[in-house]
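One structure below.
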Amino acid sequence: MIAPSILSADFANLGAAAEAVSQADWLHVDVMDNHFVPNLTLGLPVVKSLRRATDLPLDCHLMIENPDRWAPGYAEAGAANVTFHAEAARDVIGTARAIRSAGALAGLSIKPGTPIEPYLEVLKEFDTLLVMSVEPGFGGQSFMPEVLSKVRTAREHVNAGHLRLFIEIDGGISADTITQAAEAGVDVFVAGSAVYEAADPGRAVELLREQARAGMARCAHAAGRL
Ligand code: DX5
Ligand code: ZN
């Protein structure tokens, strides 16, 4: 699945930005609070407006402190998937359950320097694992290929039946990097600048999907994914 990130879109025209990528699978919405990350973007009122402006499932990525308090509200606002950061949460399992009870998929995100092993057990409570491939906070940064070892670990656990979740990657995904991420076992690819800085964002989504499919076919752990 391809999830364009509106972080790289025109914030004065978010409805049009969603419409421009109608062929996408999810619309990735980066919520930043200027505390967990050194940047400030948007919050619940904008997500509520986006929900009315597009039929695309909203993939809310909360880069905020105290997600335990705020994450369920995004599910209640109609987000399809609500992802919060493992580094920020106090009660990881309780927050996942609250998101699911409010009707959304629950996602856990880990920053590039955060190992996956301590979270393998709690990931049973989640529908999505978001592996950050840049330091969260800004679009347009360079992809960090070293995080793909975490994708491979997660893919092995999914294929072995220990976990049932989407493996999502976020940061620096472009025509140059999407194939290696697909080969490692990613299911959902977030792309901000590669989509919204393209002359035709919709066409960019289609091209990324074609390249992801080619990489997925070469994934060593592809069984059951195609
Ligand atoms: C970064 C955000 C990303 C960002 C990705 O903290 O979580 O979703 O939009 O942008 P690109 O694709 O330009 O790296
Ligand atoms: Zn994001």
Side-chain angles (χ1 to χ4, degrees), residues 1-11 14 17-18 20-21 24-43 46-47 50 56-65 67 70-71 74 79-89 104-114 126-148 150-151 166-182 186-199 201-202 204-205 207-209 211-212:
M1 296 200 284
I2 307 295
S5 168
I6 56 166
L7 184 62
S8 299
D10 176 0
F11 270 34
L14 289 180
V21 294
D25 300 282
W26 287 356
L27 191 67
H28 188 80
V29 181
D30 287 306
V31 176
M32 304 186 190
D33 67 351
N34 210 22
H35 290 273
F36 181 70
V37 289
N39 196 5
L40 183 66
T41 55
L42 53 86
V46 177
V47 169
L50 271 172
L56 284 172
L58 300 183
D59 175 30
C60 289
H61 176 195
L62 307 185
M63 285 160 275
I64 61 172
E65 287 181 356
W70 302 109
Y74 287 83
N81 182 74
V82 180
T83 291
F84 62 91
H85 270 266
E87 302 88 354
L105 302 180
L108 189 70
S109 183
I110 50 175
K111 298 204 280 186
T114 303
F126 286 85
D127 306 288
T128 310
L129 166 67
L130 176 57
V131 176
M132 288 303 301
S133 40
V134 297
E135 287 300 334
F138 300 93
Q141 303 181 76
S142 298
F143 180 73
M144 299 169 71
E146 58 269 32
V147 306
L148 292 179
K150 293 190 276 189
V151 170
F166 294 117
I167 303 170
E168 184 173 14
I169 198 156
D170 183 7
I173 290 296
S174 69
D176 296 330
T177 57
I178 196 167
T179 311
Q180 52 182 299
V186 170
D187 302 300
V188 186
F189 305 85
V190 176
S193 45
V195 169
Y196 283 107
E197 287 175 14
V205 168
L207 289 173
L208 287 170
R209 189 184 281 122
Q211 283 164 308

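Each ligand, and each atom within it, is numbered from 1 in the order the structure gives. Note that these values count all heavy atoms, side chains included, but never hydrogens, waters or copies made by symmetry.
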List the closest protein heavy-atom neighbour of [atom]: residue, atom name, distance to the nearest 0.1 Å.
| atom | result |
| --- | --- |
| atom 6 (O) of ligand 1 | Gly137 N, 2.7 Å |
| atom 9 (O) of ligand 1 | Ser5 OG, 2.7 Å |
| atom 1 (C) of ligand 1 | Phe138 O, 3.6 Å |
| atom 10 (O) of ligand 1 | Gly139 CA, 3.5 Å |
| atom 12 (O) of ligand 1 | Gly192 N, 2.8 Å |
| atom 14 (O) of ligand 1 | Gly172 N, 2.8 Å |
| atom 13 (O) of ligand 1 | Ser193 OG, 2.5 Å |

If the cut-off is 4.0 Å to any non-hydrogen atom of [X], which atoms of ligand 1 fall inside it?
| X | result |
| --- | --- |
| Ala191 | 12 (O) |
| Met63 | 6 (O), 7 (O) |
| His28 | 8 (O) |
| Gly171 | 14 (O) |
| Val190 | 8 (O) |
| Pro136 | 6 (O) |
| His61 | 7 (O) |

Testing the basics here: between [X] and [Y], what is the closest heavy-atom pair and its distance to 0.1 Å?
| X | Y | answer |
| --- | --- | --- |
| Cys60 | Ala79 | SG-CB, 3.8 Å |
| Phe138 | Leu7 | C-CD2, 4.1 Å |
| Val134 | Gly172 | CG1-N, 3.9 Å |
| Val205 | Pro4 | CG2-CG, 3.8 Å |

For the Zn ion (ligand 2), which N, O or S atom of [X] is at the shortest distance?
| X | answer |
| --- | --- |
| Asp170 | OD2 |
| Asp30 | OD1 |
| His61 | ND1 |

Min N/O separation Leu7 to ligand 1 under 3.5 Å: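 No; every N/O pair is 3.5 Å or more apart.
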Examine Asp30 against ligand 1 and note whether any of their N/O atoms are separated by less than 3.5 Å.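 Yes, since at least one N or O of Asp30 sits under 3.5 Å from an N or O of ligand 1.
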Lys111 backbone acceptor or donor facing Glu87 side chain under 3.5 Å: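 The answer is yes, because a donor-acceptor pair under 3.5 Å joins these two groups.
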Heavy-atom donor-acceptor pair, Ser109 side chain to Leu130 backbone, under 3.5 Å: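 The answer is yes, because a donor-acceptor pair under 3.5 Å joins these two groups.
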Count the heavy atoms of every other residue, nucleotide or ligand shown that sit under 6.0 Å from CZ of Phe143, and state whether that count exceeds 12.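 Atom CZ in Phe143 is crowded, with more than 12 foreign heavy atoms closer than 6.0 Å.
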Return yes when Ala194 approaches ligand 1 closer than 4.0 angstrom through a heavy atom, no otherwise.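 Checking ligand 1 against Ala194, which is what was asked, there is no heavy-atom contact under 4.0 Å.
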Which distance, rounded to the nearest 0.5 Å, do you find between the [atom1] of [X] and the [atom2] of [Y]?
| X | Y | atom1 | atom2 | answer |
| --- | --- | --- | --- | --- |
| Gln180 | Leu148 | CD | CG | 5.5 Å |
| Glu168 | Asp127 | CD | CG | 11.5 Å |
| Met32 | Leu42 | CE | CG | 8.5 Å |
| Asp59 | Asp25 | CG | CG | 10.5 Å |

Could you check which of Val37, Asp59, Asp170, Val29 puts a non-hydrogen atom nearest to atom 5 (C) of ligand 1?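 Checking each option, the heavy atom nearest atom 5 (C) of ligand 1 is found in Asp170.
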Thr128 and Leu108, any side-chain heavy atoms less than 4.5 Å apart: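 A side-chain contact is absent here, since even the closest heavy-atom pair is not under 4.5 Å.
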Between Asn39 and Thr41, is there a side-chain donor-acceptor contact under 3.5 Å, judged purely by atom types and distance?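 On atom types as modelled, these side chains do not qualify, holding no pair under 3.5 Å.
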